[in-house]
Amino acid sequence: MLNNVSARTQSSVSIRELSLSFGSVTVLENLNLDIHDGEFLVLLGSSGCGKSTLLNCIAGLLEPTEGQIFIKDKNVTWEEPKDRGIGMVFQSYALYPQMTVEKNLSFGLRVAKVPKDEIDRRVARASGILQIEPLLKRKPSELSGGQRQRVAIGRALVRDVDVFLFDEPLSNLDAKLRSELRVEIKRLHQALKNTMIYVTHDQIEALTLADRIAIMKSGVIQQLDDPVTIYNRPKNRFVAGFIGSPSMNFLTGELVDEGGHTVFKTNGVSFSLDGYDAYEPLKGGRKVILGVRPEHIKVDGDIAGGEVHEAVVDIEEPMGADNLLWLKHAGHVMSVRIGGARRYAVGAKVRLAFDMTMASLFDAGTEERI
Amino acid sequence: MDKSLTMPASGPVSRPGISAPAGSRLETGPQGKRPRKVLSSRNIIVYGALGLAAIYYLIPLYVMVVTSLKGMPEIRLGNIFSPPMEITFEPWVKAWAQACTGLNCDGLSRGFWNSVRITVPSVIVSIAIASVNGYALANWRFKGSEIFFTILIVGAFIPYQVMIYPIVIILREMGLYGTLYGLILVHSIFGMPIQTLLFRNYFVSLPEELFKAARIDGAGFWQIYFRIMLPMSLPIFVVSMILQTTGIWNDFLFGVVFTRPDTYPMTVQLNNIVNSVQGVKEYNVNMAATLLTGAVPLIVYFVSGRLFVRGIAAGAVKG
Ligand SMILES: Nc1ncnc2c1ncn2[C@@H]1O[C@H](COP(=O)(O)OP(=O)(O)OP(=O)(O)O)[C@@H](O)[C@H]1O
Ligand SMILES: [Mg+2]
């Protein structure tokens, strides 16, 4: 595979101007993506945005209408799935029901006519890593969901692939198993250092697993960044609203020049933008959306200075560790996250301070960050 | 809250604020499974209707069986419902080995073996081809597969009668007219549309991701078919086998048209025995012959129907 080395060496998977349509429906359009060697990339997006389609293109299960795919600097656009050096794990496990776990693991190797002792060695290694040795003689129907998914991961592991593709591997599992297996996948990645591309619509999975997250919306990647940047500096309103639970508070208003400063004004209430790290100089007269996450609004005792607002408690949602307050202020209802021990009565008055260093401003027209 | 509505505490854990009823005695009143009346009006209607339908279908069978076990003098007495006073198997023997059709007088046995020689290869060939067709249509969306599928479906709806004469000519040109091979070919082809549809729909219903996983594992067209799809498809193969076996065994039209008297299938021979105009009508022999002819489909239903149910119950389809 080294005979084709070009300037593109650092990336493990490269997607160039990829387009795909099913008949008249265009699912992916002119998509570019570079995934580094050993990177854990998460594709995150709502249902139907084309995540699985993109993954299937990388796997070679779908033919792109246009564009190229490189894996390890080799153009694999026309290669068969088995020749791409990829392994794939599906949401529904996709284990061969009539074969034992052992046969499931070794199927690919047996098809490739790998010698018997080599097969045994690789199956033993994979089942050791995934701790499924006691299950080797069982049929898939005799396994729990988590065990099945482990076997499915093992099937990619035995084939010694360069790139792991996961299509929502944990979606069929209950919450507890999901978090267990999530940790296990992360551990696996740290041990193997393979490139992994992971599709999910669960943002917790995305934030906890990813080196970088690609947020997709209708076949277009909206933002490709590390989780912290995605969370704190979303590129547009869609990304801002998609990540974070409860969702970011959005206040529509406009920028106004007041006494040498530019402030944000909504329904007659003005908010100082001191500390906001803008991409471009802010000028009055522009319609904008201010986005603030629930944990970036400080309440009463937490306030460490700066501009203070006053609001009324509308609803209180105690969630154990946290307490979520829904407050009415400046004609908007906004959520604020405070410590679980601090309780407020409905209708109580609270003082607020907005942490503008962590806020986001979007143009009301383009919805892009400014 | 009424005391009888409080939940009995589970186990020894007693939480403050929830008082368990004293001891673990259950309160009187409804408890556990609700009793159902056996003679409810609903049951009477349902089982009554089922019983009537069953009798309606079983009476002809009963008449046939008792008649086939009577001698001719007894039949002439007239009461077709009365059980045989003296059981005789002679009509069965005669139907099988001696009844005359045209020039041959070796009974239905000749037709039986002809039918076996027609049905077995036809069923095997048509199922083998149709299952591969269905698999290709379901999983390998090749160029033109939609058109191919549409043509097949249209093929399923063209009346047979329209095609008989052209097929006679084709078979004659191929030198197969009047032979068993010709009829086998015709049966295999005519079964194709509906069988392909059956298999396609079954394979479409299998999880697509299994197919994808097998492709990533490097399996090709035949490897996926034989090693992944076939082992999961026992139920549909049984269904298909039932349909084809009974359909081909019961066929009369193609048998009459495409074979000659010495290669007539059993149904055609049965017709010739029953409708023979020479001599007295031997009702007992006719009944025995009819039962013999119908025995094969019946046995197929009984044997493979159970297999089929077992195949599904064993979770052959579940992952
Ligand atoms: N075979 C197909 N024919 C036509 N349209 C398809 C086909 N497969 C997918 N699509 C469409 O392509 C779009 C993207 O589908 P895709 O499966 O990639 O979504 P996804 O992001 O994986 O969603 P989910 O989170 O629900 O899995 C959807 O709108 C879907 O309707
Ligand atoms: Mg998907």
Side-chain angles (χ1 to χ4, degrees), chain A residues 22-23 52 55-63 79-100 103-114 139-143 145 148-149 151-156 158-159 161 163-165 167-169 172, chain B residues 131 134-150 199 202-239 307-319:
Chain A
F22 293 109
S52 301
L55 211 64
N56 281 323
C57 278
I58 298 173
L61 297 168
L62 279 175
E63 282 193 17
E79 298 282 342
E80 281 291 305
K82 67 171 162 47
D83 301 325
R84 295 184 175 211
I86 51 109
M88 194 158 172
V89 178
F90 299 91
Q91 177 178 348
S92 64
Y93 323 122
L95 299 180
Y96 312 123
Q98 72 279 12
M99 299 183 199
T100 61
K103 297 279 182 228
N104 262 283
L105 292 175
S106 62
F107 182 69
L109 302 177
R110 284 183 285 134
V111 167
K113 301 219 158 52
V114 173
K139 291 271 180 73
S141 55
E142 298 157 355
L143 302 179
R148 287 182 203 185
Q149 202 52 290
V151 176
I153 295 171
R155 210 162 45 179
V158 289
R159 288 183 47 243
V161 295
V163 181
F164 278 77
L165 307 174
D167 194 351
E168 308 198 22
N172 280 6
Chain B
S131 62
Y135 157 67
L137 284 170
N139 290 309
W140 300 83
R141 304 257 158 69
F142 53 93
K143 208 171 171 186
S145 60
E146 295 297 315
I147 296 170
F148 183 74
F149 186 58
T150 315
F199 277 103
Y202 181 80
F203 288 129
V204 163
S205 75
L206 293 178
E208 197 192 359
E209 296 184 337
L210 271 174
F211 172 74
K212 290 182 174 177
R215 282 199 65 196
I216 287 178
D217 269 339
F221 185 93
W222 293 110
Q223 276 172 322
I224 297 179
Y225 175 74
F226 282 111
R227 297 172 76 166
I228 309 293
M229 296 299 177
L230 267 195
M232 286 194 292
S233 311
L234 179 67
I236 197 66
F237 273 89
V238 173
V239 169
L307 245 183
F308 174 57
V309 173
R310 213 185 308 158
I312 288 185
V317 207
K318 267 196 331 197

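So that the names make sense, note that chain A is the first sequence line, chain B the second, and so on, each numbered from 1. Please read these numbers as outputs of a predicted model, since none were measured by experiment.
Smallest separation of non-hydrogen atoms from B/A213 and A/A94: CB-O, 4.0 Å. Closest heavy-atom contact between B/R215 and A/P81: NH2-CD, 3.6 Å.
In this view, B/F237 and B/F199 satisfy the ring-ring contact (aromatic ring centres under 6.0 Å, His included) rule, not counting sequence neighbours.
For B/E208, the CD atom counts as loosely surrounded, since its 6.0 Å shell holds 12 or fewer non-hydrogen atoms of other residues, nucleotides or ligands.
The contact between A/N56 and chain B is made entirely by side chain atoms (from C-beta outward), counting heavy-atom distances below 4.5 Å. The contact between A/I86 and chain B is made by backbone and side chain atoms together, counting heavy-atom distances below 4.5 Å.
Looking only at distances, no side-chain donor or acceptor of A/Y96 sits under 3.5 Å from a matching main-chain atom of B/R227. At least one donor-acceptor pair under 3.5 Å links the side chain of B/E209 to the backbone N or O of A/S92.
Chain A is approached within less than 4.5 Å, heavy atom to heavy atom, by B/I216, B/D217, B/G218, B/A219, B/Q223 from residues 216-224 of chain B, ordered by number.
Atom NZ of B/K212 is separated from atom CG of A/D167 by 7.5 Å, given to the nearest 0.5 angstrom.
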